Asks: 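The following block contains the structure, expressed as structure tokens.
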Amino acid sequence: MSKKLSKAYEPQNFEPTVYQLWEQGKVFATPKSFSTNKVSAETPEGAKEEQKLSDRQRLSNFQNDHHFSILMPPLNANGNMHIGHSLAVSLQDILCRWKRSNGVPTSYIPGLDHAGLETWVVFERKLNEQGKSRFDYDRDTLYKMTWDFVEEHKSNIELQMRASGIGADWDSQFYTLDANIRDQVYETFHKMWQDGLIYRGERIVNYSTKYQTGYADIEVDYKEEKGFLWDVAYDIKGTDQKIVVSTTRPETILGDTAVAVSPEDSRYRDLIGASAIVPLVGREIPIIADEYADPTYGTGAVKITPAHDPNDFEVGNRHDLPRITVIGYDGLMTPEAGQDFAGLTVEKARQKILKDLENEGRIVEKRKIVHTVGYDYKSGLPIQPLLKEQWFINMRPLAKRAIEVIKSGRIKFYPESKATVLCNYLENLRDWNLSRQIPWGIPIPAYRSEEGEWIFNANTDQAQIEQGGIVYYRDEDVFDTWFSSGQLPICVMPDGYTPISVMETGGDILFPWVSRMIMLSLYMTDEVPFDEVYLHGMVLDEKGQKMSKSKGNVVNPMETVAKYGSDALRMGLVASRSAGQSQAFGTDKVVAGRNLCNKLWNMSRLTINLVGENYIRYDGFATDKERGSGKVALNEPIEHWIVAKCLMTKINIDKLLDEYRFAEAAEVLYGLIWGDVADWFLESEKMYENNDLLAWVLEYVLKLAHPFIPFATEAIWQVLPWTDGILASEKWNEKDFIIARASVAEISTIGFERLQDFIIETRRILNDLPKGKYKLLYGQDELLKTNEKLIQKLSHVHEISFTDAILEGRRKEILPIVVEGREAWLEVPANVKEDYLSGVRTRLSILEQEIAGLERRLINPNYVDKAPKELVKETEKTLSEKKSMAEKLCSYLGEG
RNA sequence: GGGUCGCUAGCUCAGUUGGCUAGAGCAUCUCGUUUACACCGAGAGGGUCGGGGGUUCGAGUCCCUCGCGACCCACCA
């Protein structure tokens, strides 16, 4: 080997330069013009060739799509890639590279997320570490500081994306705070405002006292917990009667403004309209009748705290009850809670009130219960339901339309079941709180006058504006990030690339993101945002457990890339994974991926070695007349076979990827590379040295493998002396395909498979024999005769020769190789023959059972009548083959 | 309470509309250094497809039922 290629593939030595090559070559740029390069039957030459093909051979694998587009779920501009991101972008990139290679105009749009609260939390922590707080600055200053902070870190994630081999259109990269996105968000907000879908109102919102902001429903983590249900006795005014209510949150008693009972509940009928006295506080509150009170739960009487419970809030609205806020936004009790309680934490207040109630003898019962408690998804602290005036979207009309579209099947889901899941979710969707009380995000374009009148205005860089002589003040809040990211499909895709072909993302953001994209897109454009949705599951650790920092089982993808290579990580992630399913991930799979890269590398070294440094590349595929004219020509059975394998594998992979069966596609590819090309074809070509075919097969395999193993295949492509250009921008040429296919002689491919069977059996026998040099003899067998040398090479027999003697296994030192249709023997020492024959006996008895089974099936008239004719024929054929095989075995045993 | 998914070889998983002997990778065992690769080659062992019932000529696949596991949703105070 003249060129010094290392024995092992070393990804670190190639990945950065390969990526540079791609980027400089602009191979991932979104094509502007839409001339599909379909050759197919439209060219006269192609048509002629195509006509020769049977239906089975016809190429159906070239995509007819007008375009292919993917929107990358934006990555946190301030964060690091985690293993889930790696999986996502791997799948996306496989699809894009594959489509691109099939000549489909492809647009893969990458993006970065300002990541609202996520980033704000990080920034605020940094601020606090410097001894500052958010209250030291005005909102615009905080926004600018956070912006600069993110800018400093952006390049980090951008490098990680490139290290992952993502072939995205970097020139079209977006950032979720870009002006066009903001404009879109404002337009949508304005339209909703005008359509009456947006309203501002005081509602109970899920409030994070840790981060001082309201949340959407979806940001609350509910956990089932053991807790207590206290029964507390309230006095009834003017009597010595008491009414006993049940509560899990006694501290909210301080904010009670009513006690509700069911109108159906005979126990309390007489008390309706009476007044109860709030314990410790002494406030007089009405006893009201409301359906909300469940007579079967607790005591059947429930305290109503409209300011701290969404249900109570509703009850309060129905009965016009006052709202008394006793827990503040800081998570501490308010002055309204009374002097004894003001300033206490919720937990302390609860302890105190329980003690006080106990002292007064008001706690009638304390029961252990299991109930669900809402937690802040970010801080892990309890969420407080608090009264707050916020912007809400009335989701019902939006959800209704989305449900219709999903049920119509217009958007296809992988896995299919997620469509049902999504519809269930949408059917129960409640109004969406858009306001976040943090400085980092897209400001809400609403201004308020002193009188409390709200107007829309998109110039949110002004803290206050004047209109008609009235001064309006900007809402200090920003949008929920899902509101803006839900609109990405309608504002970041290049012209001609919508709807997005497939939305590939994690199953965990089906509700927060996918559902919103559908709803908002339908609302704004009357069109679906994407044709298909592919949801991947979670990447679990080796033991199948969720990865988490606290468990310490988190895999850092960049470390894996550094150690095993980017391709190895990609193959490892894709292997054994199906849509929607969470899957364990471990080093084993990555190692397998790395080994495949290495295999490919060495296959290439061998090929270069065989064809020579100065090989001049073949000029297309030879038709029958063109043999020997610098074109690829097929001579040996294995050469026909390998070409057929290559062609079939591509068709197969196309089909699998079309259905998003990534793991199966990878497996099929693995089988072709390792099993067919390396183990059989290359071994054989050491003898035949059909250089043009060697080069053709290697290039073919590289092209086919490229979406899965982009770096290694490109690195090899660049190393090959006879190729030029960039593999990532190579396209399959349909015309060549047709000619290649026409050149394959079916007889030869079948012939090779027979040969394979024989070689495998010979190897098996040799493996069982004691070490030694064995001689293979064959009789009147054309296949063996014409492939004598190949058999010797591949089966590792020491000698091979024809014999016209009638052997039939009579002699003790002759051992028959029992393969259907073959006449061959091994010369062996007499003592080993007996061992082999006992194995033959076992095989015979298995064979006899199989024959009996097949015969039974064929005797059954139901089977013969009802099963498809082809299948019956097949069964008959199998039976006769097995019978003749059994006869042969019998004869050997009889004679031996 | 409602919903979704899963249970196939020691492990991780394939198995499309029911149809030849249920597959792959890893792991295990045996043999091997044949001029690309030990990140290798040749071979072997290993499964009553979670249990039970049903439909069918035929079930891992369809239906019913039970069991186990994972996850999601929901305002039982």
Side-chain angles (χ1 to χ4, degrees), chain A residues 1 5 7-9 204 222 229 245-249 252 260 292-294 296-299 301-305 309-314 369 371-372 374 385 415 417-418 420-421 424-425 428 430 507-508 510-511 537-538 540 542-544 546 564 568 575-578 580-586 588-589 591-592 594-610 655-656 659 661 663-664 667-668 670-671 678-679 682-683 686 760 763-768 771 793-796 846 850 853-854 857 860-868 870-871 874-875 877-878 882:
Chain A
M1 216 176 290
L5 294 181
K7 250 175 115 169
Y9 172 61
I204 295 287
Y222 289 96
L229 184 67
V245 303
S246 305
T247 182
T248 52
R249 296 171 64 210
T252 62
Y292 167 65
D294 176 0
T296 65
Y297 192 87
T299 60
V302 57
K303 58 189 253 356
I304 302 297
T305 320
D309 183 281
N311 292 306
D312 294 7
F313 179 81
E314 297 294 325
I369 55 153
H371 63 151
T372 49
S417 60
K418 294 288 181 188
T420 321
V421 174
N424 282 344
Y425 168 75
N428 302 311
R430 300 194 303 164
D508 54 336
L510 176 63
F511 298 160
M538 226 177 297
L540 306 173
E542 241 154 338
K543 290 173 194 151
K546 247 188 201 178
Y564 298 97
S576 294
R577 191 174 289 277
S578 55
Q581 224 57 51
S582 293
Q583 231 102 82
F585 167 80
D588 282 359
K589 292 177 183 177
V591 168
R594 180 209 47 188
N595 292 355
L596 182 66
C597 295
N598 188 58
K599 189 72 185 179
L600 216 43
W601 176 254
N602 276 292
M603 283 162 63
S604 311
R605 287 174 67 215
L606 175 62
T607 303
I608 295 169
N609 204 0
L610 289 172
K655 206 178 126 219
L656 289 166
E659 294 166 22
R661 296 159 168 253
E664 284 170 76
E667 203 175 299
V668 166
Y670 192 99
D679 292 345
L682 287 180
E683 286 305 322
K686 283 177 183 169
I760 288 168
R763 282 173 180 169
R764 209 181 60 77
I765 297 170
L766 287 173
N767 241 292
D768 287 346
K771 270 190 240 179
K793 179 164 178 48
L794 295 183
S795 65
H796 303 138
I846 292 168
E850 286 169 2
L854 290 173
R857 200 184 297 177
N860 185 341
N862 283 323
Y863 175 70
V864 180
D865 293 349
K866 291 182 186 171
E870 284 170 14
L871 191 71
E874 194 67 40
T875 312
K877 196 180 148 205
T878 314
K882 288 198 189 286

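Quick note: numbers below take in every heavy atom, side chains included, and nothing from hydrogens, waters or symmetry partners. Per chain, numbering begins at 1; letters A, B, ... match sequence-line order. Computed from a predicted model, the values in this text were never measured in an experiment.
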Asks: What's the separation between atom NZ in A:K599 and atom CG in A:D679, rounded to the nearest 0.5 Å?
Replies: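 If we round to the nearest 0.5 Å, A:K599:NZ and A:D679:CG are 5.5 Å apart.
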
Asks: B:G47 and B:A24: how far apart are their C1' atoms, nearest whole angstrom?
Replies: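 My reading of the C1' atoms in B:G47 and B:A24 gives 14 Å.
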
Asks: When you measure from the centre of the six-membered ring of A:Y564, is the NZ or CZ of A:R594 closer than 6.0 Å and no more than 45° off the axis?
Replies: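 Cation-pi check for A:R594 and A:Y564: fails.
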
Asks: Write down the distance separating the C1' atoms in B:G41 and B:A36, rounded off to the nearest Å.
Replies: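 After rounding to an integer number of Å, I get 12 Å for this pair.
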
Asks: Any side-chain N or O of A:K793 less than 4.0 Å from the OP1 or OP2 oxygen of B:U34?
Replies: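 No.
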
Asks: Heavy atoms from C-beta onward define the side chain here; which of B:A36, B:C75, B:C20 lies closest to that of A:N609?
Replies: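 So the side chain of A:N609 is nearest to B:A36.
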
Asks: From CZ of A:R249 over to P of B:A77, roughly how many Å is that when rounded to an integer?
Replies: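 Rounded to the whole Å, the gap is 10 Å.
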
Asks: Does a distance-only test, which skips hydrogens and angles, find a donor-acceptor pair under 3.5 Å between the side chain of A:N311 and the base of B:C75?
Replies: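 Indeed there is one.
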
Asks: Tell me whether the OP1 or OP2 atom of B:G15 has a side-chain N or O from A:R661 closer than 4.0 Å.
Replies: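 Yes, because at least one side-chain N or O of A:R661 sits under 4.0 Å from OP1 or OP2 of B:G15.
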
Asks: Measure from the side-chain heavy atoms of A:Y670 and tell me the nearest of B:C26, B:U12, B:A77.
Replies: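 Among B:C26, B:U12, B:A77, the one nearest the side chain of A:Y670 is B:C26.
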
Asks: Could you please name the option among B:U21, B:C72, B:A24 that lies closest to any side-chain atom of A:E667?
Replies: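 Ranking B:U21, B:C72, B:A24 by closest atom to the A:E667 side chain puts B:A24 first.
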
Asks: Closer than 4.0 Å, any side-chain N/O of A:K599 to the OP1 or OP2 of B:G41?
Replies: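 Yes, such a contact exists.
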
Asks: Evaluate the ring planes of A:Y425 and A:F511, with Trp represented by its six-membered ring, and classify them as parallel (under 30°), tilted (30 to 60°) or perpendicular (over 60°).
Replies: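 Ring orientation of A:Y425 relative to A:F511: parallel.
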
Asks: So, does A:K546 use its side chain to make a donor-acceptor pair with the main chain of A:M538 at under 3.5 Å?
Replies: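 It does not hold such a pair.
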
Asks: Strictly distance-based, threshold 3.5 Å: is any side-chain N or O of A:N602 a donor or acceptor partner for the main-chain N or O of A:K7?
Replies: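 It does hold such a pair.
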
Asks: For B:A24, give the paired nucleotide (Watson-Crick: N1-N3 plus N6-O4 or O6-N4; G-U: N1-O2 and O6-N3; both under 3.5 Å), or none.
Replies: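 Base partner found: B:U12.
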
Asks: According to a strict under-4.0 Å criterion, is A:N595 in side-chain N/O contact with OP1 or OP2 of B:C40?
Replies: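 Result: yes.
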
Asks: Name the closest nucleotide to the A:K655 side chain, picking from B:A77, B:C39, B:U16.
Replies: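 For the A:K655 side chain, the nearest candidate turns out to be B:U16.
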
Asks: Under 3.5 Å, is there a donor on one side chain and an acceptor on the other for A:K303 and A:T252?
Replies: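 Present: a donor and an acceptor within the cut-off.
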
Asks: Flag yes if more than 12 heavy atoms outside A:K877 fall under 6.0 Å of its NZ atom; otherwise flag no.
Replies: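 Count not over threshold, so no.
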
Asks: Reading RNA chain B from 5' onward, which residue's closest nucleotide shows up sooner: A:K7 or A:S582?
Replies: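 Whichever sits nearer the 5' end wins; that is A:S582.
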
Asks: When the distance from CG of A:N424 to C1' of B:A74 is rounded to whole Å, what number comes out?
Replies: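 Atom-to-atom, A:N424 to B:A74, this comes out as 12 Å.
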
Asks: Look at the side-chain N and O atoms of A:Y863 and state whether any lies under 4.0 Å from the OP1 or OP2 oxygen of B:G58.
Replies: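 No, outside the criterion.
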
Asks: Which nucleotide, B:C5, B:U21, B:A36, lies nearest any side-chain atom of A:N602?
Replies: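 Nearest listed nucleotide: B:A36.
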
Asks: Expressed in whole Å, how much space separates the C1' atoms belonging to B:U17 and B:C62?
Replies: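 My reading of the C1' atoms in B:U17 and B:C62 gives 11 Å.
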
Asks: May I have the distance from A:M538 (atom CE) to B:U4 (atom P), rounded to whole angstrom?
Replies: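 Rounding to the nearest Å, CE of A:M538 and P of B:U4 are 19 Å apart.
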
Asks: To the nearest Å, how far apart are A:D508 CG and B:C5 C1'?
Replies: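 For the pair A:D508 CG and B:C5 C1', the rounded distance is 15 Å.
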
Asks: Determine the Euclidean distance between corresponding P atoms of B:U61 and B:G53; express it in Å to zero decimal places.
Replies: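 B:G53 and B:U61 have their P atoms separated by 14 Å.
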
Asks: Would you say the base of B:A70 and the side-chain of A:Q581 have a donor-acceptor pair closer than 3.5 Å?
Replies: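 Absent.
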
Asks: Please report the distance, rounded to the nearest Å, between CD in A:E664 and C1' in B:C13.
Replies: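 Taking CD of A:E664 and C1' of B:C13, I get 10 Å after rounding.
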
Asks: For the side chain of A:S576, starting at C-beta, report the closest nucleotide among B:A77, B:C13, B:C37.
Replies: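 For A:S576, the side-chain atoms sit closest to B:C13.
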
Asks: Examine B:A77: is either OP1 or OP2 under 4.0 Å from a nitrogen or oxygen in the side chain of A:T305? Give yes or no.
Replies: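 So the side-chain polar atoms of A:T305 never come under 4.0 Å of the phosphate oxygens OP1 or OP2 of B:A77.
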
Asks: Closer than 4.0 Å, any side-chain N/O of A:R430 to the OP1 or OP2 of B:C75?
Replies: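 Checking A:R430 against B:C75: at least one side-chain N or O falls below 4.0 Å of OP1 or OP2.
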
Asks: Given the P atoms of B:C31 and B:A14, what is the spacing between them in whole Å?
Replies: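 My reading of the P atoms in B:C31 and B:A14 gives 35 Å.
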
Asks: In whole angstrom, what separates A:R605's CZ from B:A36's P?
Replies: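 Nearest whole value for this atom pair: 9 Å.
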
Asks: Tell me which nucleotide among B:A36, B:U21, B:U12 gets nearest to the side chain of A:K589.
Replies: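 When the side chain of A:K589 is considered, B:U12 is the closest of B:A36, B:U21, B:U12.
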
Asks: Would you mind telling me which of B:A77, B:C26, B:C72 lies closest to the side-chain atoms of A:K546?
Replies: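 For A:K546, the side-chain atoms sit closest to B:C72.
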
Asks: Name the closest nucleotide to the A:Q583 side chain, picking from B:G25, B:C13, B:A77.
Replies: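 For the A:Q583 side chain, the nearest candidate turns out to be B:C13.
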
Asks: With heavy-atom distances below 4.5 Å as the criterion, would you say the side chains of A:T248 and A:L229 are in contact?
Replies: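 Answer yes - side chains close enough.
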
Asks: Report the residue (A:E542 or A:N767) whose heavy-atom-nearest nucleotide on RNA chain B is the more 5′ of the two.
Replies: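 So the residue in question is A:E542.
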
Asks: Given B:U12, B:A42, B:A77, which nucleotide is nearest the side-chain atoms of A:D679?
Replies: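 Comparing B:U12, B:A42, B:A77 against the side chain of A:D679, the answer is B:A42.
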
Asks: Is the aromatic ring centre of A:H371 closer than 5.5 Å to the centre of the six-membered base ring of B:C76, with the two planes inclined by less than 30°?
Replies: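 Not stacked: fails the 5.5 Å / 30° test.
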
Asks: Is A:R764 near enough to B:G43 that one of its side-chain N or O atoms lies under 4.0 angstrom from OP1 or OP2?
Replies: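 So the side-chain polar atoms of A:R764 never come under 4.0 Å of the phosphate oxygens OP1 or OP2 of B:G43.
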
Asks: Between P on B:G41 and CG on A:L766, what's the gap in Å once rounded to a whole number?
Replies: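 So the two atoms are 19 Å apart, to the nearest Å.
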
Asks: Rounded to the nearest Å, what distance is computed from the CZ atom of residue A:R763 to the P atom of nucleotide B:G43?
Replies: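 Atom CZ in A:R763 sits about 5 Å away from atom P in B:G43.
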
Asks: Considering only the P atoms, how many Å lie between B:G58 and B:G1, rounded to the nearest integer?
Replies: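 Comparing P positions in B:G58 and B:G1 gives a spacing of 40 Å.
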
